[in-house]
Q: 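Have a look at the structure that comes next, please.
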Amino acid sequence: MTSQGEPQEGFSTLSKVTGPSSWSRVSCPCCISSHIEPLVLIQLAENVQPITKQWIMSMISAPVKAGGAQLLVHPGEDMKGDMIVVAAPRCTLLRVTEDLGLCKTYQDGNMTAFSFEDRDNFCNIDNMQQFLTLAERQYIVKHELDSMRAMEDQRVPGVPAPKGKLKARESILQKLEKAGVIRNITPLHDQKLLSALGKQWYSHKSLWGQPLDSIHAYFGGTIAYYFSFLDFYTLSLFPPAILGLFITFFLPSANFSRGNKTDSEPTLPKQDDDQPSVSSYMVQAVFSMLWSTVFMELWKRRSAALSYHWGTFNLAEQFQEPRPGFHGELSTNPVTGRLEPLFPEWKRRLRIGLVSVPVVGVFLGLVVMGMAGFYFFERLVSGWHKASGSYFTVVLLYLPSIAHILYTNVLGNIYRNVALKLTEAENHREESSFDYHYTTKVLVFTFFNNFAVLFHIAFFKEDLPLLRKRLSSLLIVTQVVNQFTEVVVPFLVDRFLTSADRNLKEDDPEVDHLQAQGSLPAFPGLFAEYIELLVQFGYLSLFSCVYPLTAPLLLLNNLTEIRTDAYKLCKLFNKPFSAPVANMGVWQPAFEVLSFISVMSNCWLLLLSPHVKELTEDAGLSSSKVLVIAIIVEHVLIMVKMILAFMIPDEPDWVRIKREQIEYHSMQALKKQRIMRSSVDDKLPSKA
C-alpha cells in the first residue's frame with residue numbers, strides 16, 4: 001500500500017494508513033486531500049468475520065441520512081485484521097462543530113459561535129489541524145460514531161441472532177459493543193505532540209506552572225478543566241499555608257489537658273494537647289471562612305475566562321440519545337416519535353426506593369460501626385497510656401485513628417463499585433442522569449464517611465485535642481498512601497512493565513504499533529481525583545482552625561499530585577475521549593456546599609475552644625446567652641459570606657460582554673433567516 005503525500009510526523013508509525021488510496025471516499029469535493037489524518041482506532045473481536053468488518057466500515061462511511069457517520073475508514077493491515085482506523089472529512093468536522101455550539105476565532109479576532117454558512121470568515125478554516133484541536137477532532141469522530149442508527153430492522157452480517165439483530169432506530173455502535181463485536185474504541189496518540197507535552201508538563205524542572213492550552217488541545221476540555229482547577233487550588237493554598245505556619249511556630253499556644261493534674265502527680269508523656277491561643281483560633285477560623293468564599297468566587301471567574309478562551313462558553317444543548325447500558329421495551333418515544341427502548345419512570349423510582357436507598361443506608365451504618373470501633377479502641381489505648389505512661393503507649397495512641405482511616409478508605413472503594421452497580425440497575429436513559437445519580441450517591445457517602453467522625457468528635461464529644469490528633473493522623477496517613485499510589489506505583493509500572501513492552505517492540509519489528517496504541521488500560525476517569533480534592537477542601541475549610549498545619553501539608557501533597565497525575569495520563573493509560581465542557585460540572589456546587597458549611601463549622605469550633613469557654617465563664621455568661629451570641633455571630637458571618645459572594649461577579653466583565661454579543665448576533669442571524677424565508681414564501685405563487 002503506497003502512501004501518497006508526506007505523512008504527519010507525529011503519526012509516523014501509521015504511515016501505511018495516512019495516504020488516501022485505501023480510505024473510503026466521500027462525495028464532497030472539498031474533503032479530498034492528499035493526506036488523511038488517522039484519529040480513532042476501533043478494535044474488533046479476534047473472531048470477527050471479514051463480512052462483518054466490511055459492513056461496519058460501510059456504515060461508518062455512509063451518509064448521515066442513511067444512518068451512517070459520514071466518516072473515513074481504513075481496514076488497517078487488511079480486511080482480516082481486527083482493527084478499523086477512522087478519520088473525519090472536512091465537511092463532517094465543520095458540520096459537527098456548528099452542532100456542538102463551539103466558538104472559534106472570527107476574522108476580527110473575536111471568538112464567535114461557528115456557522116457553517118459563514119465558514120469562510122473564520123480564521124484557519126482551510127487547515128483543520130489549526131482550526132480544531134486534536135481532542136476536538138477525535139471527539140467529533142466519537143460523536144458521529146455514537147449517532148449511527150439502523151434505519152430499519154436488519155441483521156448484522158456474520159453475527160448470529162439475537163446478538164446481531166438490529167431494530168429500527170437502534171444505536172449501531174451500542175449494539176456492536178453489547179454483542180462483543182467491538183472491543184474498544186480509542187483516540188490515537190500523536191507521539192510527537194505527546195512527547196512535547198510531557199517535556200512541558202511532568203518533566204518540567206520548575207515547581208510551578210502548567211501548559212493548560214496544550215493540555216486542552218491534546219486531551220480536551222474535561223481533562224484541562226481538572227488540571228486547571230488543581231493548578232488554581234494549589235496556588236490558592238499558599239495564603240492559608242503561610243498563615244498556618246505562622247500560627248504554629250510564631251503565635252503562643254496553651255496546654256489544655258483533659259483532666260486536672262496536681263503538682264504531686266508524676267510528669268508523663270501526654271497526647272499532643274497544645275492548642276492555639278484564642279487569637280489564633282479566631283484568625284484561622286475567620287480566615288478559613290473568607291478564604292473558601294473568595295477561592296470559589298475567583299475560580300468561577302477563572303472558569304468563565306477559560307470557557308471563552310477555549311471556545312466552549314456557548315455550547316449548544318442537545319437532546320440526549322439513550323446511553324449504552326439503557327434497556328427496555330421497544331416502543332415509540334413520545335418526545336421524538338422514534339422507535340426506541342422505553343423504561344417506565346415508576347419502575348426506576350421503585351428500584352431507587354426499595355434497593356438503592358436501603359443499600360446506601362447499610363453502608364452508612366457500616367460507617368457508624370467504624371466510628372464505634374474507633375471510639376472503643378481509642379478509650380482502650382488511652383487507658384493503657386494512663387496506666388503505663390510509657391513512650392511506647394504514646395505511639396499506640398495514634399493506632400486507632402490510623403486503623404479507622406484505612407477502614408474508611410477501603411469502605412469508600414467498595415462503596416463506589418456498589419454505587420456504580422446500583423445506578424446501572426436503576427436503568428437511566430440519559431448519560432447525564434446516570435452521572436448525576438451516581439455522583440450524588442458517592443458524594444453523600446463520601447461526606448458522611450470522611451467527615452462524620454470529625455463532626456462527632458467536635459460537636460458531640462467536644463474533644464478538640466482528640467479532633468486535632470485525628471485530623472493530623474488523617475493528613476499524614478493520607479499523604480503516605482497518596483505518595484505511594486501516586487508516585488511509587490506508577491514509577492514501578494512504567495519502569496518494569498511498560499519498558500519491557502517497549503523493548504519487545506524494539507526487538508520485534510513485526511509488532512503492530514497501531515494495535516499497541518490500544519493495549520494500555522482504559523483511563524479510569526477523574527471521579528476519584530475530584531473526590532480527593534473535595535475531601536482535602538473539606539479538611540481545610542471545615543477544621544483547619546483546630547490544626548493550622550492542614551494547608552501546608554495539602555500544599556506539599558498537591559505539588560506532587562500535579563506531576564504524578566500528568567505522568568499517569570500520558571504514560572500509563574489509553575488516551576480518553578474528552579467532550580467540550582464549559583466548567584467542571586457537578587463538582588463546582590459540591591465545593592460551594594462545603595464552603596457554606598465551613599461558616600457554621602468554624603463558628604462552633606471557635607465557641608468550643610477552651611479559651612473561649614474560659615472567657616465566657618470569667619464574664620459570667622450563662623450557656624443560653626453564649627448560645628444566642630454564637631447563633632448571632634454565625635448568621636452575621638453567613639451574611640458577610642453572601643455579600644462577599646455577591647460583590648465578586650461570577651464572570652469578568654469582558655467575558656459577559658463577549659457572551660452577550662454572541663447572543664445578540666445569534667438573535668440577529670435568526671431574525672434575518674426568518675425575514676429571508678418570509679420573503680421567499682411571498683414570492684412563491686399561491687395555490688389555486
Q: Could you label the plane-to-plane angle of the Tyr539 and Phe451 rings as parallel, tilted or perpendicular, counting under 30° as parallel and over 60° as perpendicular?
A: perpendicular
Q: Please check this pair: side chain of Ser228 against backbone of Tyr225, looking for a donor-acceptor N/O pair closer than 3.5 Å.
A: no
Q: Quick one: does NZ or CZ of Lys575 land under 6.0 Å from the six-membered ring centre of Tyr218, within 45 degrees of the ring axis?
A: yes
Q: Quick check: does any side chain N or O of Gln138 sit under 3.5 Å from a backbone N or O of Leu188, one acting as donor and the other as acceptor?
A: yes
Q: Between Gln191 and Ser195, is any pair of side-chain heavy atoms under 4.5 Å apart?
A: no
Q: So Phe445 and Leu411, do their side chains get closer than 4.5 Å, heavy atoms only?
A: yes
Q: Over 60° means perpendicular and under 30° means parallel, so classify the ring planes of Tyr438 and Phe527, tilted if in between.
A: tilted
Q: I'd like to know if the side chain of Asn450 and the backbone of Thr446 have a donor-acceptor N/O pair within less than 3.5 Å.
A: yes
Q: Do side-chain atoms of Glu98 reach the backbone of Arg95 as a donor and acceptor pair under 3.5 angstrom?
A: no
Q: With a 4.5 Å limit on heavy-atom distance, are the side chains of Leu549 and Ser472 in contact?
A: no
Q: Using modelled atom types only, decide if a donor and an acceptor are shared between the side chain of Ser544 and the backbone of Tyr547 within a distance under 3.5 Å.
A: no
Q: Determine whether Phe447 and Leu594 satisfy the following criterion, side chain to side chain contact (heavy atoms under 4.5 Å, CB included), listing intermediate values before the conclusion.
A: CA-CA 9 Å; Phe447 185 86; Leu594 282 183; 3.5 Å; yes
Q: Closer than 4.0 angstrom, basic N to acidic O: yes or no for Arg302 and Glu651?
A: no
Q: Applying side-chain hydrogen bond (donor to acceptor under 3.5 Å, both in side chains), can you list everything that pairs with Asp213, at least two apart in sequence or on another chain?
A: His309, Trp310
Q: Treating Thr92 as the side-chain partner and Ala88 as the backbone partner, does any N or O pair qualify as donor plus acceptor under 3.5 Å?
A: no
Q: Kindly compute the distance separating CG (Leu39) from CG (Leu71), expressed to the nearest 0.5 Å.
A: 9.0 Å
Q: Should Glu426 and Lys441 count as an ion pair when the cut-off is N to O under 4.0 Å?
A: yes
Q: Is the shortest side-chain heavy-atom distance between His428 and Phe326 below 4.5 Å?
A: no
Q: One pair to check against ring pair (Phe, Tyr, Trp, His ring centres under 6.0 Å): Tyr139 and Phe577. What are the steps and the verdict?
A: CA-CA 6 Å; Tyr139 176 76; Phe577 289 102; 7.6 Å; no
Q: Just by modelled atom types, is the Glu561 backbone N or O under 3.5 Å from a matching donor or acceptor in the Thr564 side chain?
A: yes
Q: Return the CD1 to OG1 distance between Ile140 and Thr97, rounded to the nearest 0.5 Å.
A: 3.5 Å
Q: With Lys104 as the cation and Phe122 as the aromatic partner, state whether NZ or CZ is under 6.0 Å from the six-membered ring centre and within 45° of the axis.
A: no
Q: Walk me through whether Phe227 and Trp201 qualify under ring pair (Phe, Tyr, Trp, His ring centres under 6.0 Å).
A: CA-CA 11 Å; Phe227 281 100; Trp201 201 1; 4.8 Å; yes
Q: Given side chain to side chain donor-acceptor pair (under 3.5 Å), test Ser595 with Ser292 step by step and report yes or no.
A: CA-CA 5 Å; Ser595 176; Ser292 62; 3.2 Å; yes
Q: Should Val141 and Pro187 count as side-chain neighbours, where that means a heavy-atom distance under 4.5 Å?
A: no
Q: Holding to side-chain hydrogen bond (donor to acceptor under 3.5 Å, both in side chains), I want the full list of residues that pass it with Gln536, two or more places apart in sequence or in another chain.
A: Tyr233, Asn558
Q: Taking C-beta and beyond as the side chain, do Val96 and Leu102 meet within less than 4.5 Å on heavy atoms?
A: no
Q: Decide yes or no for Thr186 and Val40: does some side-chain heavy atom of the first lie under 4.5 Å from some side-chain heavy atom of the second?
A: no
Q: Stepwise, does the side chain to side chain contact (heavy atoms under 4.5 Å, CB included) test hold for Tyr226 with Met584?
A: CA-CA 7 Å; Tyr226 165 73; Met584 61 181 194; over 6 Å; no
Q: Would Leu533 and Val535 satisfy side chain to side chain contact (heavy atoms under 4.5 Å, CB included), going step by step from the backbone distance to the final call?
A: CA-CA 5 Å; Leu533 294 183; Val535 172; over 6 Å; no
Q: Between Tyr415 (side chain) and Asn449 (backbone), is there a donor-acceptor pair under 3.5 Å?
A: no
Q: Under the side-chain hydrogen bond (donor to acceptor under 3.5 Å, both in side chains) test, which residues partner His404, sequence neighbours left out?
A: Arg470
Q: What class does the angle between the rings of Phe295 and Phe537 fall in, given that below 30° is parallel, 30 to 60° is tilted and above 60° is perpendicular?
A: tilted
Q: I would like to know whether Phe131 and Phe114 meet ring pair (Phe, Tyr, Trp, His ring centres under 6.0 Å); could you show each step before the answer?
A: CA-CA 11 Å; Phe131 182 72; Phe114 178 73; 5.3 Å; yes
Q: With a 4.0 Å cut-off, would you call Glu37 and Arg137 a salt bridge?
A: yes
Q: Is any side-chain heavy atom of Pro75 closer than 4.5 Å to a side-chain heavy atom of Ile84?
A: no
Q: Are any side-chain N or O atoms of Ser303 and backbone N or O atoms of Lys300, one a donor and one an acceptor, separated by less than 3.5 Å?
A: no
Q: Measuring from atom CD of Gln174 to atom CD1 of Ile182, what distance do you get when rounded to the nearest 0.5 angstrom?
A: 11.0 Å
Q: Would you call the rings of Phe219 and His189 parallel, tilted or perpendicular if under 30° counts as parallel and over 60° as perpendicular?
A: perpendicular
Q: Look only at the side chain of Thr312 and the backbone of Val581, and say whether a donor-acceptor pair between them is shorter than 3.5 Å.
A: yes
Q: Output the distance between atom CZ (Phe313) and atom OH (Tyr308), rounded to the nearest 0.5 Å.
A: 6.0 Å
Q: Is there a ring pair (Phe, Tyr, Trp, His ring centres under 6.0 Å) between Phe363 and Phe448 once you walk through the steps?
A: CA-CA 10 Å; Phe363 273 88; Phe448 199 76; over 10 Å; no
Q: Would you say Tyr202 and Asp565 are linked by a side-chain donor-acceptor pair, where the criterion is simply a distance under 3.5 Å?
A: no
Q: To the nearest 0.5 Å, what is the distance between OG (Ser214) and NZ (Lys199)?
A: 13.5 Å
Q: Does Asp82 pair with Arg183 as a salt bridge, N-O distance under 4.0 Å?
A: yes
Q: For Ile185 and Leu173, run side chain to side chain contact (heavy atoms under 4.5 Å, CB included): C-alpha distance rounded to whole Å, both residues' side-chain angles, the deciding distance at 0.1 Å, then the answer.
A: CA-CA 10 Å; Ile185 302 178; Leu173 190 66; 3.5 Å; yes
Q: Once you round to the nearest 0.5 Å, how far does CD of Gln129 lie from CG of Asp190?
A: 8.0 Å
